[in-house]
Each structure stands twice: as C-alpha cells, then as structure tokens.
K.L.:
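There's a structure below that I have some questions on.
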Amino acid sequence: MALLLLAIGSLAEWKDPVNNLEIVALNSTKCVVHRYTKEFLEGGITNVMERLYSMATTAASNGKTVLLPHIRNTPCLVNQGHGSLRSQWIPLSQVFDRNSYCQILAKEGVCYQCSSIPREFEHEREDYTKEVLSYNESCNKDHPDVPVPWKQRCFKKSITSVGMSGFKPKNHRTTLRYSKNYFEFAAQLKPSAKVEHAIKTIISKLGSKPFIAVHMRIEIDWQLLRGGKCYIHPKDIVHSITSSNKFQELHRNGTQIALFTASGEKDKAHMAWKHVKGIQVITTDEETSGFNWQQKSLVDQELCRRSDVFVGAMVMSTFSQMITYLRKSDGAKDNYGYTKKHNKAKFGSWDEIPFFHCFT
C-alpha cells in the first residue's frame with residue numbers, strides 16, 4: 001500500500017504509562033515536535049473508514065503527529081428519525097481496534113500517538129474535553145445531511161482539531177473511495193474487542209447452515225431520494241434473489257438457510273423475508289444490546305464480510321462496495337448484487353451485473 005509516505009528517521013519506542021500501549025515517535029525533521037492533529041469524523045461506517053484513510057494520507061504529507069480521532073456515534077441524517085439518540089463524539093476505540101489503526105500508521109511512516117490526547121496533556125484532559133471535545137456535538141437540525149461548519153480549534157497551540165467538513169481532497173471519489181490503496185488500508189482495520197465478540201457469538205449460533213447476508217438498502221432517505229428513482233421495494237429485492245439459480249442451488253433438498261439482513265430498517269427487511277420457506281432470519285438484537293449506531297453498523301458489515309454468500313446493493317452503495325472488496329481480499333467468491341433497471345430489480349454476479357447509476 002502506498003500512502004503519501006513520510007521520510008522516516010530512526011524510531012524510538014516506549015510504553016504509555018497510562019494505557020500501556022506502544023507509542024511511536026519519529027526522530028525526523030519532517031515530524032513537527034509537539035504539534036498534533038486530531039480529527040472529528042462524521043458519517044456512516046464506510047465514511048468513517050474513508051476519513052481514517054484521509055487522515056493518514058494528510059498527516060503523512062504535513063508531518064504533524066496524528067492523534068486518534070473521535071467519531072459521531074450516529075450519522076446526523078439517521079439521528080433525525082431517532083429522537084432518543086443523543087448525538088455525541090465517541091472515541092475510535094469503541095468501534096475499531098485502535099492498535100490495528102496505529103499499526104497501519106507505523107507501517108506507513110506516519111507520525112502518531114496511539115491515544116486521543118498527548119501524554120503531556122493528560123493532566124489537562126478535563127479542560128480539553130470542555131473546550132474541544134464538547135464542541136459541535138449537536139447535529140445541523142435544518143439540514144442533517146450537511147455537517148455544521150467546523151472551524152479549526154487549537155488547544156494550547158499544540159493540538160489542532162478539525163472536523164471532517166474542513167477536509168476536501170481533490171478528486172475525492174477517485175483517489176479515496178475507489179482506490180486500491182484505500183481498500184487495502186480498510187482491509188487491515190479490525191473491530192474493537194467488544195464488536196468482535198458480538199460478531200463471533202452471532203456466527204457461532206449458525207451451525208452448519210449455509211449463511212447468506214443481504215444488504216437491504218431500503219432506508220427512508222433512499223426512498224425519498226430523487227423521488228424514489230433509486231429505491232427498490234423490499235419484496236422486489238427478495239423476489240429477485242429467491243428466483244435466482246444461486247438461491248435455488250443453496251435451497252436444494254430442503255436445506256435450511258441462515259439469512260442476515262444488513263439494513264437501517266431491519267423490521268421491514270425481516271418482514272419481506274418472513275414468508276420465504278426454508279429461511280432462518282438471523283437477528284442481532286441480543287448481542288448488540290447497548291451498542292451505538294456505528295458499532296451496530298460494523299457488526300452488520302463484518303457479518304456480511306464473513307458470510308458464505310453476499311448480496312449487495314449496486315444502486316450506488318459504498319457499504320456494499322466496501323464489503324465486496326473486503327470479501328474478495330479474503331478470497332470469498334460468492335458475491336452477488338441487485339440493481340434497478342427499467343423500474344425492476346435485477347439480480348446477478350457482482351462482476352457481471354452492470355452498475356446502474358440511478359442518478360442518470
């Protein structure tokens with residue numbers, strides 16, 4: 001993987017006395033001593049992964065020391081329909097294993113500290129939380145899909161904090177979201193211990209049944225987008241899948257199939273599969289009780305990644321695209337997709353079915 005690499009001097013390693021984690025400092029003139037950059041990341045789980053990559057590439061080019069970011073516990077657009085969810089910043093470690101991210105930074109020669117605040121400011125954590133961490137927690141009520149403008153905030157002239165709205169890379173879609181380097185980076189990120197435990201517990205309950213995961217892109221925002229031009233009704237998604245030769249092959253001889261649906265509207269998704277014979281719909285409510293939106297999203301993503309067969313949404317879904325790439329990097333071959341063409345759901349192999357851009 002080729003991030004924007006930094007010329008590396010000799011490495012000095014020590015143990016963080018607070019968290020007992022390795023922290024890497026680069027004795028290089030290109031690493032600005034005691035100058036840190038910390039980002040606050042918005043969006044869904046794939047957006048967060050994309051912005052983690054952006055952080056690494058940006059930091060590698062400017063020589064500042066990266067601090068672990070905070071992320072919003074739920075996308076503002078989602079939060080609009082869930083009044084009980086309080087928007088707040090949570091540490092990266094609640095969702096991803098921070099050591100896996102720090103190992104990537106070390107591998108690529110990025111200056112970093114594997115903590116959310118530098119060691120020398122640990123005694124001022126309360127002041128930092130009050131002045132910076134609590135800033136901009138509220139969502140933009142009038143336009144929840146647009147982040148509240150974020151002004152760079154400096155703490156003690158050493159920690160520069162910036163929100164994701166302050167980062168606008170050139171050629172964003174081609175250089176980040178769809179680049180090989182980005183996907184290779186994403187494949188190295190690991191779930192936090194809490195999230196990984198939930199994933200393994202769910203999978204252990206499946207036994208030997210064939211395991212299908214389907215990304216049901218049926219949320220209200222998709223239904224309203226461009227007057228529903230991109231929306232496929234849940235029953236049409238189910239019909240396109242169950243009518244396929246692949247489904248018939250798995251279902252041969254009355255074999256029961258374990259089916260998991262990744263969706264922000266799980267009740268609707270489950271209802272669409274309710275009357276399909278031979279299907280055991282997998283729920284995760286018990287294992288993810290008390291999880292925030294981002295943690296639940298990562299559970300969904302990883303269950304899809306580890307399934308025997310994955311069916312993704314090819315109507316402009318970065319979530320499905322990310323899962324398919326991760327599965328391919330893992331050697332998984334059964335990757336399928338559904339799309340909307342001529343107002344009908346179309347099912348097929350991920351690499352064969354045309355990626356229909358519903359905006360055109």
Side-chain angles (χ1 to χ4, degrees), residues 1-8 24 26 30-31 36-73 75 89-116 147 150 152 160-192 195 294-295 297-298 300-302 304-305 316-330:
M1 183 176 69
L3 294 178
L4 302 177
L5 294 180
L6 179 68
I8 306 176
V24 178
L26 301 181
K30 295 210 173 184
C31 284
Y36 305 95
T37 180
K38 179 180 177 67
E39 297 208 24
F40 290 79
L41 310 179
E42 305 256 9
I45 197 68
T46 51
N47 302 126
V48 169
M49 294 172 74
E50 178 182 324
R51 284 151 197 162
L52 285 171
Y53 175 79
S54 302
M55 275 179 52
T57 57
T58 303
S61 64
N62 65 25
K64 287 187 177 181
T65 298
V66 172
L67 298 174
L68 296 184
H70 274 67
I71 62 180
R72 197 180 289 280
N73 63 333
W89 298 116
I90 59 174
L92 177 74
S93 58
Q94 282 195 21
V95 184
F96 292 102
D97 172 45
R98 61 179 175 180
N99 286 343
S100 70
Y101 184 59
C102 293
Q103 286 167 6
I104 297 171
L105 299 180
K107 177 182 175 182
E108 298 303 328
V110 178
C111 308
Y112 76 96
Q113 279 199 16
C114 205
S115 59
S116 60
W150 183 291
Q152 278 198 359
T160 301
S161 299
V162 61
M164 77 114 202
S165 56
F167 177 74
K168 297 180 180 179
K170 296 180 180 179
N171 302 320
H172 177 65
R173 291 184 180 276
T174 56
T175 59
L176 296 180
R177 185 170 292 169
Y178 300 118
S179 74
K180 179 181 178 182
N181 292 340
Y182 164 55
F183 284 129
E184 289 179 350
F185 161 88
Q188 298 176 72
L189 283 173
K190 298 178 181 178
S192 67
V195 172
Q294 300 290 6
Q295 290 171 321
S297 296
L298 188 55
D300 281 11
Q301 178 176 287
E302 285 296 313
C304 290
R305 178 180 181 176
M316 286 196 62
S317 170
T318 55
F319 183 80
S320 283
Q321 186 180 26
M322 169 63 75
I323 291 167
T324 302
Y325 179 85
L326 293 174
R327 287 175 56 81
K328 288 182 176 181
S329 70
D330 296 338

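Here the structure is a predicted model, which is why all the values come from computation and not from measurement. For the single chain, residues carry numbers from 1 onward in sequence order.
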K.L.:
The criterion is side chain to side chain contact (heavy atoms under 4.5 Å, CB included); which residues satisfy it with Q103, sequence neighbours excluded?
P.N.:
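By the side chain to side chain contact (heavy atoms under 4.5 Å, CB included) rule, Q103 matches N99.
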
K.L.:
So do V95 and V48 actually touch side chain to side chain, heavy atoms under 4.5 Å?
P.N.:
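A side-chain contact under 4.5 Å is absent here.
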
K.L.:
Taking C304's backbone N and O only, do any of them form a donor-acceptor pair with R327's side chain (distance below 3.5 Å, no angle check)?
P.N.:
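The answer is yes, because a donor-acceptor pair under 3.5 Å joins these two groups.
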
K.L.:
Spell out, as yes or no, whether a donor-acceptor pair under 3.5 Å connects the side chain of Y182 to the backbone of E50.
P.N.:
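Looks like yes, one N/O pair under 3.5 Å.
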
K.L.:
Quick one: OH on Y53 to CD on E108, what's the gap to the nearest 0.5 Å?
P.N.:
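Answer rounded to 0.5 Å: 8.5 Å.
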
K.L.:
Parallel under 30°, tilted from 30 to 60°, perpendicular over 60°: which one fits the rings of F185 and Y101?
P.N.:
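Perpendicular, since the angle between the ring planes exceeds 60°.
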
K.L.:
Please assess L92 against S116 for the test side-chain contact (heavy atoms from CB on, under 4.5 Å), listing each intermediate value before the final yes or no.
P.N.:
CA-CA 9 Å; L92 177 74; S116 60; over 6 Å; no

K.L.:
Between the main-chain N or O of I71 and the side-chain N or O of E39, is there a donor-acceptor pair closer than 3.5 Å?
P.N.:
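No, E39 side chain to I71 backbone: no donor-acceptor pair under 3.5 Å.
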
K.L.:
Strictly distance-based, threshold 3.5 Å: is any side-chain N or O of R98 a donor or acceptor partner for the main-chain N or O of S115?
P.N.:
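No; zero donor-acceptor contacts below 3.5 Å.
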
K.L.:
With a 6.0 Å cut-off (strictly less than), is the heavy-atom count around NZ of K328, excluding the residue itself, greater than 12?
P.N.:
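Yes, enclosed.
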
K.L.:
Between atom CH2 of W89 and atom CG of N73, what is the distance when rounded to the nearest 0.5 Å?
P.N.:
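So the gap between those two atoms works out to 9.5 Å.
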
K.L.:
At their closest point, which heavy atom of H70 faces which heavy atom of P91, and how far apart are they?
P.N.:
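Smallest interatomic distance, heavy atoms only, reads CD2-N, 3.5 Å.
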
K.L.:
So, K38 side chain and L68 main chain: donor-acceptor pair closer than 3.5 Å or not?
P.N.:
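Yes; judged by distance alone, with no hydrogens or angles, the pair exists.
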
K.L.:
Distance from R305 atom CZ to D330 atom CG, nearest 0.5 Å?
P.N.:
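Rounded to the nearest 0.5 Å, the CZ-CG separation comes out at 4.0 Å.
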
K.L.:
Is any side-chain heavy atom of F183 less than 4.5 Å from a side-chain heavy atom of M322?
P.N.:
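A side-chain contact exists here, since the closest heavy-atom pair is under 4.5 Å.
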
K.L.:
Quick one, F96 with K190, criterion side-chain contact (heavy atoms from CB on, under 4.5 Å). Give me CA distance, side-chain angles, the key distance, then yes/no.
P.N.:
CA-CA 6 Å; F96 292 102; K190 298 178 181 178; over 6 Å; no

K.L.:
Counting distance only, does the side-chain N/O of Q295 pair as donor-acceptor with the main-chain N or O of Q94 below 3.5 Å?
P.N.:
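A pair under 3.5 Å: yes.
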
K.L.:
Who pairs with F319 by side chain to side chain contact (heavy atoms under 4.5 Å, CB included), at least two apart in sequence or on another chain?
P.N.:
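Residues passing side chain to side chain contact (heavy atoms under 4.5 Å, CB included) with F319: I45, T46, H215, A262, D300, Q301, S317, I323.
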
